[in-house]
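Inspection log for the structure reproduced underneath, given as structure tokens.
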There are 2 protein chains.
Amino acid sequence: MTDHAPLKLERFLPYRLSILSNTVSQAIAREYQQEFGLSMTEWRVMAVLARFEPLSAREVAEHTAMDKVAVSRALSRLVEAGRVDRERHGNDRRRSVLRLSEEGWRVHDAVAPRARNHEREMLAQLSREEIDTLARILDKLAPV
Amino acid sequence: MTDHAPLKLERFLPYRLSILSNTVSQAIAREYQQEFGLSMTEWRVMAVLARFEPLSAREVAEHTAMDKVAVSRALSRLVEAGRVDRERHGNDRRRSVLRLSEEGWRVHDAVAPRARNHEREMLAQLSREEIDTLARILDKLAPV
DNA sequence: CCGTTATAGTTTCATCTGTAACCATTTGCA
DNA sequence: TGCAAATGGTTACAGATGAAACTATAACGG
């Protein structure tokens, strides 16, 4: 047997990050799905529209770090469900002009507090100092 | 306009974690894929076998936090590729007995240092104190 | 023993995701 | 102008993923 130096997966940072992120995202996603029939991607699109509307699909993609195909699909479901209104841009007929509908706002206002709550529960396990450091780490490793 | 209190997605922790994790994982996955035709899941299975072999498929699933379906699929590709040897357990013929093949060890020994390297590059952006705190945070939020 | 229940692993199906190709429209510039 | 290149967005295809059903074997309780 030669010296194979196997990797300790459970100490390997990319692995641990992936586990944590999946655990958290799936817990949240499951809830949105069950109560509002809303996928994670759909929710991200709605959250961005709530903040910056009106936006084009491309702008939604920029804000959400999703690619344009994913955005297009999420939007077609949201428009179908009557949660987003889509118009054509007056000067550039390629662009869409996207806004939350009234129903979209209702869903947003129901989901947003729950989202915050999930984050709060997560952070409640950490000390003040750990929270600050985590924010700093994320700024360094994944600047938005 | 009523008070809609939209969510700041780019400050929302689950979102940021997901971005970071996906960025890191995809960068690594792409490399393994190109050079060894190895998916992330396959690599995880190999890493665990390297450390604990022989294992049954269920044990691999426990160590990797993957579900048994994902493990089964990864294993069938690895066995097919001659990277893992699969036998039946003597006393319990439901179980498989899994080990890296010689070829599997060769791949492992080529990939493991690269994996460590990725981690090192990532950590190089952080201070000693941030690294320690991050480890502590992960222990709290995603105990393995 | 024998029938029920549990376990190991695979297969199936429906959904999701990423990449590339595609269509329509607009822009840039010869 | 008018034609090539760029842009916004959708569609098509291929591979990945998760839940549930299924097969085979083993364990358990009367």
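Remember, predicted model here, so these are calculated numbers, not experimental data. Note on naming: letters A, B, ... go to the chains in the order of the sequence lines (proteins, then strands), and numbering restarts at 1 for each one.
- Of the candidate nucleotides C:dT17, D:dT10, D:dT17, D:dT10 has the atom lying nearest to any side-chain atom of A:Lys68.
- A:Asp67 has no carboxylate O lying under 4.0 Å from a charged side-chain N of A:Arg73, or vice versa, which leaves the two without a salt bridge.
- Judged by distance alone, with hydrogens and angles left aside, A:Arg73 brings a side-chain donor or acceptor within reach of the base of C:dG18, the pair sitting under 3.5 Å.
- Among the protein residues, B:Ala70 comes within range of no part of the nucleic acid, since none of its heavy atoms lies under 4.0 Å from any strand.
- Between B:Gly90 and A:Ser76, the residue whose closest nucleotide on DNA chain D is further toward the 5' end is A:Ser76.
- In this structure, B:Arg88 atom CZ and C:dA8 atom P are separated by 13 Å, rounded to whole Å.
- Protein atom CD of B:Glu59 is 15 Å distant from nucleotide atom P of C:dT7, rounded to whole Å.
- Nearest-nucleotide positions on DNA chain D place A:Arg58 closer to the 5' end than the other of B:Asp92 and A:Arg58.
- Using modelled atom types, one side-chain atom of B:Glu119 and one backbone atom of A:Leu13 make a donor-acceptor pair closer than 3.5 Å.
- At the heavy-atom level, A:Ser96 lies under 4.0 Å from the strands shown only through sugar-phosphate atoms.
- The base of D:dT25 has none of its N or O atoms less than 3.5 Å from a complementary donor or acceptor on the side chain of B:Arg93.
- To the nearest 0.5 angstrom, A:Leu100 atom CG is 11.0 Å from A:Arg83 atom CZ.
- Within the nucleic acid shown, B:Ser39 has no heavy atom closer than 4.0 Å to any nucleic acid atom.
- Look at A:Ser56 and you won't find any side-chain N or O under 4.0 angstrom from OP1 or OP2 of D:dG8.
- At whole-Å resolution of the value, CE in A:Met66 and C1' in D:dG8 are 16 Å apart.
- Rounded to whole angstrom, the span from the CG atom of B:Asn22 across to the P atom of C:dT17 amounts to 10 Å.
- Between the CD atom of A:Glu87 and the C1' atom of D:dG9 there is a distance of 17 Å, given to the nearest Å.
- Note on ring orientation: taking the six-membered ring where Trp is involved, the planes of A:Tyr32 and A:His118 are perpendicular (angle over 60°, cut-offs 30° and 60°).
- No donor-acceptor pair closer than 3.5 Å links the side chain of B:Arg95 to the backbone N or O of B:His89.
- One atom, CG of A:Asp67, and another, P of D:dG8, lie 14 Å apart when rounded to the nearest Å.
- Nearest-nucleotide positions on DNA chain C for B:Ala57 and B:Arg30 put B:Ala57 closer to the 5' end.
- Closest contact between the side chain of B:Gln26 and the listed nucleotides C:dT17, C:dG18, D:dG8 involves C:dG18.
- Applying the 4.0 Å criterion to OP1 and OP2 of D:dT10, one finds that A:Ser72 has a side-chain N or O inside that range.
- Atom CZ in A:Arg44 sits about 10 Å away from atom P in C:dT17, given to the nearest Å.
- Rounded to 10 degrees, the angle between the two end axes of the helix from C:dC1-D:dG30 to C:dA30-D:dT1 is 10°, with five pairs used at each end.
- Regarding B:Leu78, its CG atom lies at a distance of 16 Å from the C1' atom of C:dG9, rounded to whole Å.
- When distances run from any side-chain atom of B:Val69 to the nucleotides C:dT17, C:dT10, D:dT7, the shortest one goes to C:dT10.
- The CZ atom of B:Arg44 lies 15.0 Å from the NE2 atom of B:His63; values are rounded to the nearest 0.5 Å.
- If you chain together hydrophobic residues whose side chains sit under 4.5 Å apart, A:Val84 and A:Val69 never meet in one group.
- Using a 4.0 Å cut-off, no side-chain N or O of A:Arg94 falls inside it from OP1 or OP2 of C:dT26.
- Taking the six-membered ring for Trp and thresholds of 30 and 60 degrees, B:His4 and A:His108 have ring planes more than 60 degrees apart, a perpendicular arrangement.
- Among the heavy atoms of the strands lying under 4.0 Å from B:Asn91 are primed sugar atoms or P, OP1, OP2 only; no base atom is included.
- Judged by distance alone, with hydrogens and angles left aside, the side-chain atoms of B:Gln26 form no donor-acceptor pair with the main-chain N or O of B:Thr23 at under 3.5 Å.
- Within the nucleic acid shown, A:Arg86 comes within 4.0 Å of sugar-phosphate atoms alone, with no base atom in reach, counting heavy atoms only.
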